[in-house]
Amino acid sequence: MAEIDEKQITITLPDGSTQTHPAGTTGREVAESIGAGLARDALAIKVNGEVRDLDRPITEDAEIAILTWDDEEGKETFWHSSAHLMAEALQELYPGVKFTIGPPIDQGFYYDVDLGDQTLSADELEAIEDKMLELARRDAEYERHEVSKEDAIRFYEDEDNPYKLELIEDLEEGEISFYEQGDFTDLCRGPHIPSTGRIKAPKLLSVAGAYWRGDESNPQLTRIYGISFPKQKLLEQFLERRRKAKERDHRKLGKELDLFTFDTEQVGPGLPMWLPKGTTLRETLRTVLQQEQIKQGYKPVTTPHIGRLDLYRTSGHYPHYEEDQFPPMVTGQNEEGEEEGYLLKPMNCPHHVKIYQNDHHSYRDLPVRLAEFGTVYRQEQTGELGGLTRVRGFTQDDAHIFCTPEQVKAEFKEVIDLTLKVLDALDFEEFEAQISLRDPEDTEKYVGRDALWDQAEQDIREAVAETDLDAYEEPGEAAFYGPKLDFMVEDALGRAWQLGTIQVDYNLPERFELTYVDEHDERKRPVMIHRAPFGSLERFIGVLIEHCGGNFPTWLAPTQVQIIPVGDDFVDYAEDVAAQLRTEDIRVEIDTSDETVGYKIRNAETQKIPYMLVVGGDEEEAGTVSVRSHADGPQGTVPVDDFLEQAGPEFQPTLK
RNA sequence: GCUGACGUAGCUCAACUGGUAGAGCAGCGCACUUGUAAUGCGCAGGCUGGCGGUUCGAGUCCGCCCGUCAGCUCCA
């Protein structure tokens with residue numbers, strides 16, 4: 001070893017500067033050489049792109065970065081180590097517990113454990129937290145041991161832990177490591193933070209069931225979610241942010257702003273009822289998109305809410321997706337002995353296909369774009385329902401584009417543009433775009449010729465590139481009938497929801513034997529594109545409410561202006577002003593209640609009404625209004641016309 | 001569907017180990033006639049989600065059902 005010690009290596013820091021250290025130096029030593037503060041904060045080290053324990057020797061020249069709480073990878077390491085600390089606490093409190101996996105996640109960590117016959121209730125979490133803190137105070141080091149596969153297997157055979165044994169099976173000899181802190185040893189790739197003492201503020205958040213390896217047929221484990229911080233103050237900030245996120249919850253705001261309601265017991269779960277204000281919101285969104293679509297060559301259509309079972313047999317929805325649909329209304333049997341009857345429509349496409357078939361189509365007609373705000377019904381699993389983001393009856397801003405294979409790319413581009421317009425108009429700046437492609441391992445499960453798929457996938461990629469959209473690809477996520485592009489937006493709690501979607505479909509044209517006549521007078525099969533920029537109005541509005549915290553843009557607000565007369569004597573003048581605003585299609589209400597001005601202002605503020613116009617004797621005399629904006633407070637007194645001129649554009653519904 | 005938690009007035013929440021269901025807000029009435037985020041007084045509001053059980057007695061304990069929430073699984 002002596003000669004290694006003498007060898008010098010060059011360490012390159014993130015800023016490009018270099019240092020010389022003896023070979024075998026550690027991240028901790030490098031951090032110390034940079035500064036005591038960094039050494040104190042250092043959690044792990046990145047060596048040539050690989051995150052490692054701070055104390056693992058560095059033997060070769062390397063580019064390194066010392067990772068702290070401020071680095072994503074530093075946080076991940078911290079939370080991973082916290083999962084081990086929680087496991088140690090569980091081991092003490094619940095003897096016989098079997099550990100499976102315990103990874104860090106976006107916000108914290110979890111550990112899936114098998115508690116055998118024991119159960120764990122939420123109020124036991126605090127005791128586990130206390131135990132974690134007690135263990136953390138001992139400041140045990142996380143020690144890495146590389147072990148042979150044989151030893152690893154023996155260890156978990158002794159522990160009688162089939163889960164870890166299953167994990168080890170998939171590992172190669174030589175890449176198996178254990179980490180040990182205090183009395184807890186765990187199969188783990190690492191890396192970990194130096195010692196448990198860094199974990200000052202753990203918080204366990206919830207208990208949930210989770211299946212081993214995510215498979216429903218496997219045993220169900222207990223998953224404990226937690227988060228932890230190096231400082232108590234950071235935990236407090238986290239909890240405060242969570243409280244604020246709950247304030248934006250669309251279920252809460254929907255009630256407070258009288259947008260929608262549920263009667264889950266009598267009307268049914270997942271079946272929202274839209275109140276007048278919510279309906280105004282919906283209709284405004286619908287109108288603005290409808291107008292834009294008509295400009296872009298879409299033709300509105302209207303179809304019934306039910307269709308014969310035969311329609312869905314041809315489309316393939318029935319009985320294939322029977323479990324996800326409301327049971328059919330069976331009226332009898334046909335000659336073949338099949339059920340006859342009707343199905344609440346789970347999708348709009350079969351009806352639109354029939355509309356396409358109402359006519360013969362020449363290549364000159366294509367693309368045919370049929371649009372409908374169509375309400376569909378799906379029997380989503382009970383555990384999946386929630387607020388407006390997952391419901392059983394919802395309205396899609398649906399349209400189906402029937403086009404030639406050559407037109408797919410151009411159509412895709414237009415739809416991407418439209419979707420981006422919608423997102424932009426509502427200030428969704430943070431969203432993800434996911435391209436879902438075929439599973440290259442299993443091309444059998446897809447319908448449509450390979451060549452068409454290849455072309456469509458290429459078309460999507462090019463359309464995405466040409467619209468400057470930043471999208472990532474997910475092989476294997478495509479529907480069986482075609483590749484797609486989905487737009488995902490997060491809700492207040494950070495859960496990602498699919499909103500807009502654009503999907504290529506080779507299946508339905510085939511099943512319904514759709515045709516068009518090409519320039520050589522030959523019958524050809526068109527391609528269908530399903531697309532919905534909002535996705536569903538329900539989910540979109542749910543996410544939108546959380547995105548803006550109920551503070552809708554003025555053009556979308558259910559009530560745009562609240563007129564507040566300072567007393568009964570000025571209600572007449574308030575009516576005059578209201579009438580004037582209504583000629584401009586502004587949604588205005590007058591607060592004639594027997595209350596103080598302060599109270600009326602407060603009410604309008606809590607209702608998040610964009611503009612309040614206070615009117616009294618002075619205003620009546622001068623023909624003015626005292627303007628107060630929800631966003632910016634009092635704006636001074638101006639003539640009504642000036643108000644209309646200044647604020648007018650804000651009231652216009654438009655996609656810009 | 002699975003795991004865990006939960007369900008009390010329109011809303012938000014109280015009611016110690018089983019012992020007469022309360023408060024604030026909202027609503028209604030009266031007074032006040034109001035100047036930029038809560039005027040005062042009063043009234044009313046309940047099969048404690050439903051069904052069954054234990055008990056002298058159940059909001060409270062037990063079982064089943066309905067539903068909500070968090071997660072898992074699923075998602076045309």
Side-chain angles (χ1 to χ4, degrees), chain A residues 105 110 112 115 119-125 205-225 246 249 251-252 255-256 258 261-270 312 315-318 320-325 345-350 376 378-387 390 396 477-482 484 486 493 495 497-498 501 503 505 507-508 530 562 564-571 591 593-607 612-619 626-630 633-637:
Chain A
I105 51 178
Y110 67 80
D112 282 348
L115 287 165
T119 56
L120 182 65
S121 71
D123 35 301
E124 291 167 61
L125 294 180
L205 300 168
S206 64
V207 193
Y211 300 102
W212 168 238
R213 303 214 139 170
D215 186 336
E216 219 169 333
S217 60
N218 281 337
Q220 186 153 25
L221 307 167
T222 303
R223 174 172 297 181
I224 306 167
Y225 282 92
K246 282 195 182 135
D249 190 315
R251 291 165 294 202
K252 181 176 155 69
K255 256 180 213 164
E256 289 172 0
D258 294 319
T261 187
F262 287 90
D263 182 336
T264 53
E265 307 237 345
Q266 271 209 301
V267 174
Y312 298 102
S315 73
H317 293 112
Y318 188 83
H320 191 62
Y321 290 108
E322 196 172 4
E323 292 168 14
D324 305 311
Q325 294 159 178
K345 67 179 175 187
M347 300 194 89
N348 300 302
C349 18
V376 298
R378 301 180 189 176
Q379 194 163 36
E380 302 287 355
Q381 290 191 42
T382 50
E384 258 308 324
L385 299 171
R390 188 62 138 252
Q396 298 177 311
E477 285 295 304
F480 75 92
Y481 53 77
K484 58 178 183 167
D486 291 325
L493 292 174
R495 294 172 296 201
W497 295 98
Q498 177 204 306
T501 180
Q503 314 184 353
D505 186 348
N507 181 46
L508 285 181
H530 309 249
Q562 181 91 314
I564 298 172
V566 302
D568 281 353
D569 293 346
F570 311 105
V571 170
D591 187 343
S593 68
D594 201 14
E595 290 291 348
T596 60
V597 172
Y599 185 85
K600 292 179 188 178
I601 295 276
R602 183 187 150 80
N603 268 351
E605 289 284 0
T606 53
Q607 285 295 303
M612 288 144 276
L613 303 180
V614 180
V615 295
D618 299 344
E619 286 79 9
S626 171
V627 181
R628 179 185 170 104
S629 121
H630 175 62
Q635 302 293 300
T637 301

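Computation of the quantities below employed the complete heavy-atom set of this structure, encompassing side-chain atoms and omitting hydrogens, waters and symmetry-equivalent molecules. To find a chain, count down the sequence lines: A is the first, B the second, and so on, and within it residues start at 1.
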Original post:
Which of these nucleotides, B:U34, B:C66, B:G71, is closest to any side-chain atom of A:Thr596?
Top reply: B:U34

Subject >> Distance-only polar pair, side chains of A:Arg223 and A:Tyr225, donor-acceptor under 3.5 Å >> reply: yes

Original post:
To the side chain of A:Asp594, which of B:U34, B:A76, B:C69 is closest?
Top reply: B:U34

**OP:** Please state how far atom CG in A:Asp569 lies from atom C1' in B:U34, giving the value in whole angstrom units.
**Re:** 10 Å

Original post:
Which part of the nucleic acid, if any, lies within reach of A:Tyr110 when heavy atoms closer than 4.0 Å are counted: base, sugar-phosphate only, or nothing?
Top reply: nothing

Original post:
Between B:C75, B:G35, B:A76, which nucleotide gets closest to the side-chain atoms of A:Val614?
Top reply: B:G35

**OP:** Determine whether the side chains of A:Glu595 and A:Ser593 contain a donor N or O and an acceptor N or O closer than 3.5 Å.
**Re:** no

Original post:
Picking from B:A37, B:C74, B:A70, which would you name as closest to the side chain of A:Ala208?
Top reply: B:A70

Original post:
Which listed nucleotide (B:A37, B:A76, B:U68) is nearest to the side chain of A:Pro346?
Top reply: B:A76

**OP:** For the side chain of A:Arg223, starting at C-beta, report the closest nucleotide among B:C72, B:G35, B:A70.
**Re:** B:C72

Subject >> A:Ile601, nearest nucleotide to its side chain (from B:C74, B:A37, B:G67) >> reply: B:A37

Subject >> Nucleotide nearest A:Val597 (side chain, heavy atoms from C-beta), chosen from B:G35, B:G67, B:G71 >> reply: B:G35

Subject >> Options B:A38, B:G71, B:A76, nucleotide nearest the side-chain atoms of A:Tyr599 >> reply: B:A38

